[in-house]
Amino acid sequence: MTDARPLGADEATFIAAVRAGDTAQFALLTERHRRELQVHCYRMLANYEDAQDMTQETFLRAWHKRESFKGHAALRTWLYRIATNACLDFLEKRNDRTPVPSELPDPASEVGYLQPYPDRMLPEDPQESVVARETIELAFIVAVQHLPPRQRAVFILRDVVGWPASKAADALELTIASVTSALQRARVTMREQLPDRRLDWRSPAGHELSNDERGAVKSYIDAHERNDLDGLMSLLRDDVRFAMLPDPGTVTRTAKDAVEGWVSGGLFQRGHDDWRGVATTLNRMPAAVLYLRTPDDPEYRLFAVAVLHIVEGKIAELTGFDATDKPWLGLPPTL
């Protein structure tokens, strides 16, 4: 795989480190790409823990293949190629990484392995194309999962990372014609999955929350702390989409069904009605971290995190995640 570019300083230093057996320098040069490679793996896999594992696998493969690097491509390009193929190998071995049809009368599917991505682990100085907000939001990550793995890789490399067809073809050992065909099919699927979203992934996108988003997440937390079901209902769009992961079969498509499901499950009932919440962001989206105090417990304990998609001040999508046993979220276990 080649880039039309002279040998850069990083590439020359990397080659020198390989020849000298300098493991410290090798680690220094590759480690600086960890966060963006992990985001890339997350887009491929929709699971934070799997993305961590595949990023580590990328560095292991890079070490084993280090002598094959000749500087014909940028070091970053070479690492992306390794990471992409590590993810494809992972997906080939797993039969639980395909969205399963939901029981709803629409084409949407559940992605039970979906995990949120903590914003604190995003690159500190990202390129726009690497972690533009709309390419890390949950709806995008879920939509990508509906693409077959190799088509998914083509789409991400071409339309998100911004590689030319020749570079993507070289990385995936495909012809340019195959890459072009796969990208066209992927774009059709993405339009079907995200009909109401902006689809120009490579143009700049803002990262900051809007006033509507900040206000809605505050009101969502306030309604929990007041145990105010009517107030909570008023925040939801009538056609809100709710899912609680990783529990299967929890998807609902109306505010009434969502709230009735919470109540029938015991929430907002005695023993599950003493809440505290903290506003945060995950996947560059507004989120509420919910803590619950049960009778005879002096502390509020981490319960769940709700990631919200806000449209005109109302919650249009609510994806809940079990927040326990996930230290990588960086959330305090008690309040």
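For reference, positions follow the sequence shown, starting with 1. This one's a predicted model, so the numbers in the text were calculated from it and none came from an experiment.
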Side chain of [X], backbone of [Y]: donor and acceptor closer than 3.5 Å?
X      : Y      : value
Glu317 : Leu308 : no
Arg253 : Asp239 : no
Arg284 : Ile136 : no
Arg237 : Ile315 : no
Glu225 : Gly277 : yes
Ser178 : Leu174 : no

**OP:** Could you go through the ring-ring contact (aromatic ring centres under 6.0 Å, His included) check for Tyr300 and Trp275 one step at a time?
**Re:** CA-CA 7 Å; Tyr300 291 88; Trp275 301 94; 9.4 Å; no

Original post:
Salt-bridged, Lys314 to Asp212, with N to O below 4.0 Å?
Top reply: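 Answer for the salt bridge query: no.
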
**OP:** Run the salt-bridge test on Glu213 and Arg133 with the 4.0 Å N-O cut-off and return the result as yes or no.
**Re:**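 Salt bridge: yes.
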
**OP:** With Arg66 as the cation and Trp63 as the aromatic partner, state whether NZ or CZ is under 6.0 Å from the six-membered ring centre and within 45° of the axis.
**Re:**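 Satisfied, under 6.0 Å and within 45°.
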
**OP:** Determine, for Tyr113 and Arg97, whether the Lys NZ or Arg CZ falls below 6.0 Å from the six-membered ring centre while staying within 45 degrees of the axis.
**Re:**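 Satisfied, under 6.0 Å and within 45°.
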
Original post:
Under 3.5 Å, is there a donor-acceptor pair between the Arg34 and Gln56 side chains?
Top reply: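 Short answer, yes.
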
Original post:
Cut-off 3.5 Å, side chains only: do Ser181 and Arg185 have a donor facing an acceptor?
Top reply: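 Side-chain D/A pair, Ser181 to Arg185: present.
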
Subject >> Step-by-step side-chain contact (heavy atoms from CB on, under 4.5 Å) determination, Phe242 to Thr319 >> reply: CA-CA 6 Å; Phe242 165 73; Thr319 307; over 6 Å; no

Original post:
Given the side-chain rings of Tyr117 and Tyr48, with only the six-membered ring counted for Trp, is the space between their centroids under 6.0 Å?
Top reply: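 Yes, they do, as the ring centres are separated by less than 6.0 Å.
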
Subject >> Check: Phe14 ring centre within less than 6.0 Å of Phe26 ring centre >> reply: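 Yes: the rings meet the under 6.0 Å criterion.
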
**OP:** Go through the steps to decide whether Tyr80 and His33 satisfy the test ring-ring contact (aromatic ring centres under 6.0 Å, His included), and finish with yes or no.
**Re:** CA-CA 9 Å; Tyr80 262 84; His33 299 283; 8.1 Å; no

Original post:
Do Pro118 and Trp328 have side-chain heavy atoms sitting under 4.5 Å apart?
Top reply: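 Yes, close enough: below the 4.5 Å cut-off.
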
Subject >> Nearest non-hydrogen partners of Ala216 and Leu235, listed with the distance >> reply: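 That would be O-CD1, 4.4 Å.
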
Subject >> Heavy-atom closest contact (Val289 atom, Leu302 atom, distance) >> reply: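 Distance-wise, the nearest heavy atoms are CG1-CD1, 3.5 Å.
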
Original post:
Going through the distances and angles, do His272 and Phe268 end up as a ring-ring contact (aromatic ring centres under 6.0 Å, His included)?
Top reply: CA-CA 5 Å; His272 289 81; Phe268 303 101; 10.0 Å; no

